[in-house]
Number of protein chains: 2
Amino acid sequence: MDTGDRLLTPGEVAALFRVDPKTVTRWAAAGRIGSIRTPGGHRRFRESEVRALLEGEGAAVVEEMREDDANNRPRNAGPTNPGTSYGPPNGLR
Amino acid sequence: MDTGDRLLTPGEVAALFRVDPKTVTRWAAAGRIGSIRTPGGHRRFRESEVRALLEGEGAAVVEEMREDDANNRPRNAGPTNPGTSYGPPNGLR
DNA sequence: CCCTAGTGGGGTAATTGGGGGA
DNA sequence: TGTGTCCCAATTACCCCACTAG
């Protein structure tokens with residue numbers, strides 16, 4: 001994997017997350033996402049990093065709820081990585 | 001490759017289900033619906049999954065209601081009538 | 001050289017998240 | 001049991017204008 005990550009523009013990342021490009025800029029400013037700056041000051045994001053965020057953060061039961069587990073229904077039994085520390089690296093709160 | 005599903009905000013999903021955004025949040029917290037979190041902590045829901053839930057409740061999912069579980073999970077037999085035009089999921093602005 | 005589109009920065013309003021109680 | 005509503009704090013969306021990217 002030679003870093004074949006393509007660089008995405010804020011608008012691309014914003015469309016992926018369904019947020020405003022400005023919000024993506026704030027993530028980079030807050031250090032929540034890696035950003036590469038162009039000589040002009042614009043930012044570029046790595047596709048691998050964006051994809052990791054999209055699928056890794058909330059990866060939950062994408063499968064339909066099957067009845068085969070009628071044995072019992074653990075509400076939170078997913079490997080969802082429970083307190084995954086979704087983020088606030090800085091104990092902001 | 002992508003399922004082609006856009007991401008919806010809690011408010012959008014809440015409007016589709018006619019419930020409060022808080023309720024939608026609880027569904028995600030309970031693992032009943034897939035949720036993708038933004039680096040900021042907000043949630044995004046997949047349009048395909050929301051639609052599957054909306055259409056599935058009132059239409060034909062031939063999925064048989066299994067034994068004891070049926071007792072545990074009562075089907076909402078209300079005249080939800082989602083089959084008709086509830087609202088254009090295309091609330092994109 | 002000029003042009004269009006996108007991006008950045010700051011500020012303000014609206015939405016969202018989490019907990020608690022009805 | 002499940003949902004609606006209250007609190008507060010954080011995050012996000014849209015406004016302006018100026019500059020970069022191609």
Side-chain angles (χ1 to χ4, degrees), chain A residues 6-47 49-50 53-54 57-58 60 65 70 72-77 80-93, chain B residues 6-47 49-50 53-54 56-57 65 68-80 82 87 89-93:
Chain A
R6 191 172 48 131
L7 289 161
L8 301 177
T9 59
E12 288 288 289
V13 182
L16 258 41
F17 280 90
R18 185 59 184 92
V19 294
D20 199 276
K22 289 303 183 53
T23 303
V24 179
T25 298
R26 284 187 200 153
W27 295 344
R32 288 180 162 135
I33 180 172
S35 57
I36 299 174
R37 310 261 299 193
T38 63
H42 286 197
R43 280 178 253 244
R44 277 318 170 337
F45 305 93
R46 295 192 180 275
E47 192 209 17
E49 197 167 341
V50 174
L53 256 42
L54 278 168
E57 283 291 336
M65 22 183 147
N72 100 12
R73 178 181 294 277
R75 320 178 116 210
N76 207 351
T80 322
N81 225 344
T84 294
S85 59
Y86 63 90
N90 325 14
L92 281 161
R93 229 172 164 211
Chain B
R6 294 163 306 179
L7 293 158
L8 300 177
T9 60
E12 297 285 84
V13 181
L16 259 39
F17 281 92
R18 297 293 229 159
V19 295
D20 275 306
K22 286 299 192 181
T23 304
V24 179
T25 298
R26 283 180 190 156
W27 293 346
R32 293 164 144 189
I33 181 172
S35 56
I36 296 177
R37 314 262 307 229
T38 63
H42 284 203
R43 290 190 182 96
R44 289 294 183 288
F45 303 94
R46 296 195 179 269
E47 210 263 351
E49 196 166 337
V50 174
L53 259 31
L54 280 161
E57 289 293 342
M65 35 196 221
D68 51 312
D69 202 46
N71 183 16
N72 191 1
R73 196 168 54 136
R75 272 250 184 157
N76 201 342
T80 333
N90 263 319
L92 278 172
R93 25 177 74 132

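Naming convention: chains lettered A, B, ... in sequence-line order (proteins, then strands); numbering from 1 in each chain.
- Among the duplex regions that DNA chain C forms, those built from at least three successive Watson-Crick or G-U pairs under 3.5 Å are C:3-19 with D:6-22, ordered by first number.
- Contact record, B:Ile36 with B:Arg46: CD1-NH2, 3.0 Å, taken as the closest heavy-atom pair.
- Between the CD atom of B:Glu47 and the CZ atom of A:Arg18 there is a distance of 11.0 Å, given to the nearest 0.5 Å.
- Below the 3.5 angstrom threshold, one finds no donor paired with an acceptor across the side chain of A:Arg18 and the base of C:dT16.
- Listed by chain and number, the residues in a side chain to side chain contact (heavy atoms under 4.5 Å, CB included) with A:Ala28 are A:Ile33, A:Ser35, A:Arg43, A:Phe45 (sequence neighbours excluded).
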Summary of protein contacts for nucleotides 2-8 of chain C, nucleotide by nucleotide, where a base hit scores B, a sugar-phosphate-only hit scores S (4.0 Å, heavy atoms): ----BSB

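- By the side chain to side chain contact (heavy atoms under 4.5 Å, CB included) test, B:His42 pairs with B:Thr38, B:Arg44, sequence neighbours left out.
- Sorted by first and then second residue, the pairs that involve residues 10-33 of chain B and meet ring-ring contact (aromatic ring centres under 6.0 Å, His included), not counting sequence neighbours, are B:Phe17-B:Trp27.
- Of the side-chain N and O atoms in A:Thr23, one or more sit less than 4.0 angstrom from OP1 or OP2 of D:dA13.
- Dashed line: the shortest gap from a side-chain N or O of A:Trp27 to OP1 or OP2 of D:dT11 is not under 4.0 Å.
- Between A:Arg26 and B:Arg26, it is B:Arg26 whose nearest contact on DNA chain D lies nearer the 5' terminus.
- A:Leu16 is linked by a side chain to side chain contact (heavy atoms under 4.5 Å, CB included) to A:Leu8, A:Val50, A:Leu54, counting only residues two or more places apart in sequence or in another chain.
- For A:Asp20, taking side-chain heavy atoms from C-beta onward, the closest of the listed nucleotides D:dT11, D:dA13, D:dT3 is D:dA13.
- Residues B:Ala14 and B:Asp20 come closest through the heavy atom pair CB-C, 3.8 Å.
- Here B:Thr38 reaches the OP1 or OP2 of D:dT12: one of its side-chain N or O atoms lies under 4.0 Å away.
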